[in-house]
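Report on the following structure.
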Amino acid sequence: MADDTPALAVQGLTKRHGSGAGAVDALVGIDLAFARGTFTAVMGPSGSGKSTFLACVAGLERPTSGQVLIEGTDVTHWTEARRTRMRRDRIGFVFQDFSLIPYLTAAENVALPARLSGRRAQPEAIRTALARVGLENRAGHLPGALSGGQQQRVAVARALVTGPTVLLADEPTGALDSATARKVLQLLRAAVDDLGQTTVMVTHDPVAASYADDVVFLVDGRVGGRMAAPSVDAVAAQLAHLDQLTGVAR
Amino acid sequence: MTALALRSLRHRPAAAVATFMAALLGTALMASFATLVESALSAHDDDRELLIIMGGIVGGWAALIVLFSVASTVGIVAGQRTREAGLLRTIGATPRQVRALIVYEAGVVALLAASAGAVVASIGGPALFAALQRGDLITAASEYAGGPASLSTAAGAVVLVGTVAAGIASRRATGGPAAFSPRQAEVSALPLRRWRILVGGLLVAVGLASAVVTVTVTGKAGDAYAAMQTSGSASIVVGVGLATLAPGLLRLLATPLRPLLARSGSGHLAAANTTRRAHLLAGTLAPVIVLVSTAVGTLLMIGIDDRTLTAAGDPEGVGGTITMINSVVIGMICLFAAIMVVNAAVAVVAHRRTELDRLWRLGATAGQLRSSIVLEAAVVAFVGILLGLLGSTATAVPYAIVRQEGVVPDGQLWLPPLIALVAAALTIGAAWGAQRRSAR
Ligand SMILES: Nc1ncnc2c1ncn2[C@@H]1O[C@H](COP(=O)(O)OP(=O)(O)OP(=O)(O)O)[C@@H](O)[C@H]1O
Ligand SMILES: [Mg+2]
């Protein structure tokens, strides 16, 4: 495999929810490539298709047409079971609602992907992953006994522990206060810088986006612009502009 | 709150169905027996005793199982409202308002179901009475006299117990913090409440006491049926007592199974669930204990009675009929207990959609989710059968001793494994069916 193959690419990605008169085109022919070791923020007005984009990339939803390529391999038409295994082994996920399993401890949550793959979890790897997010002394706690920020850091540790090809994050700081959010964003940034972790993060927050290398703007299911080396002010200005555009379009 | 309760009911049919089923079938069963007691009041003197025994004593066993099942089901359903309770409180509902909502909802469903159950019993009661008359257990001189008094008493008891149980469970549901989302509020695995340990322990003690009384007092009485009256209830009362302690017992007994399960990914999930979430799964465990304990205990007793009555000198020459009637009546009680096993298993699994979905997003395959649910149900069935068999000895052993068969009955030894098999099949089958609907 050539080294310049993007970690993740989509071609002509289209997703239509429902059919007939009530159909909604959530994504309309998206072409994007995410090079290895890059950190990209996906932004856009509410309903622009950001979550749908991540769901299609992760194999949670099947696109209506177009392709999803993970390290150059087209996974679009894989069976449900095969996409599930792909998700487990090659994609790390961080959700807005943390998505920890409430009856597993922090360490067990981090070990879950390995357990689901039928491997024994490596205690050393689990400890390292928790230490990376600063929670090595919370390993035995159940999620209910952790703060929101701590739970999200456990989720980040779990997403990183398998060394995924791509880390996908859907508004990872959406439920956190700004100080806690900063901590989570620093962790994501560190994973990119130290581990070369390819990361795609959906966010509404210009501050969060400023941690990324690039911003992709989605508008009504289409790519509505890109911005490299985003600053908080530039992103905020662009978002306001897009909101106006869609406001007029409706 | 009323409007909100009714609307929320419409959106949660699965939960309402579980409560409805328990209250409907429970009232039908309980009220049928109650009509016999009401009939006894105006019955011919020769018949009064039998009607009171059948309606009062056997009916009392049924009532115990029914009321426990209703309380247990309502508890499952109300306990599942924790998350929503937290949400309502974040938008300003007081804990009192949330509790009122939960209680009101349970009360409305129980009232509707119990009314329907009373209608069913108004047919079932006369049928039971006619069967007793056909079997010559009561004379033609007596007439069926069940009416609104007995029907509404039984229905009222079901509604009352359902409402009180909802009240207790709602305290737990509103006990958590108001904000739920960041902490994923879930009823945490609190130790058993003291009153619960007390009630459970008391019931077990009462059951054991009737076992002792059977051997030492009633077994030596002249009346061949005196021993049956004290003995029959023992396994039921012990079973209900153990079921009251179900969350603690599940945690305790499932823990040694962990290493066995933890070999596969799905087993690992099942192991964590059965121990750390015993308070949720106990909802399925309780009816399994009651079913096995009741069915094995009382059916063995009927078998022993049938084998030894002639030797015991069948005083009135009606042994065969009594065995038949007993089998039918106990069969109905066991059938109710069996339906409650399915009812509870479905209610518990149906609520886990969000969690299964979350696991699926993280890469658990459909097969892994399925086997983790099935393994969990298997652990619950195993523990329930173990405890149920234990409870059944409270009836079977004393009665075997009294009827000179020794500690172990002389026949029907196929019965315990058969009931165990049925209980396991029901528990696992119901969980399997329910996960098919709640997984994608
Ligand atoms: N299951 C579904 N059925 C029908 N329409 C859907 C479904 N899921 C999403 N949509 C529609 O698709 C469009 C894109 O939704 P999506 O959730 O991807 O938006 P988003 O950009 O993530 O919005 P937000 O910022 O509010 O999270 C919306 O118009 C939404 O209503
Ligand atoms: Mg979204």
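In the text below, chain A, chain B and the rest are named by the order of the sequence lines, each starting its count at 1. Computed from heavy atoms alone, side chains included, the values below leave out hydrogens, waters and symmetry copies.
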**OP:** Give a yes or no on whether a salt bridge exists between B:R277 and B:E355, defined as a side-chain N under 4.0 angstrom from a carboxylate O.
**Re:** yes
**OP:** Check whether the side chains of A:R88 and A:S117 place a donor and an acceptor atom closer than 3.5 Å, and report yes or no.
**Re:** yes
Subject >> Among B:S264, B:A364, B:S266, residue most engaged with chain A (heavy-atom pairs, under 4.5 Å) >> reply: B:A364
Subject >> Toward chain B, the part of A:L112 with a non-hydrogen atom under 4.5 Å >> reply: side chain
Subject >> Side chain proximity check, B:F382 to B:T274, heavy atoms < 4.5 angstrom >> reply: no
**OP:** Measure distances from A:R83 to the heavy atoms of chain B and classify the residue's part below 4.5 Å as side chain, backbone, both or neither.
**Re:** neither
Subject >> Heavy-atom proximity to chain B below 4.5 Å, by part of A:L142 >> reply: side chain
Subject >> Winner by heavy-atom pair count (cut-off under 4.5 Å) against chain A, out of B:N273, B:L269, B:T365 >> reply: B:N273
Original post:
Got more than 12 heavy atoms from elsewhere within 6.0 Å of CZ, B:R96?
Top reply: no
**OP:** Report yes or no: is the cationic atom of B:R361 (NZ for Lys, CZ for Arg) under 6.0 Å from the centre of the six-membered ring of A:F93, at an angle within 45° of the ring normal?
**Re:** no
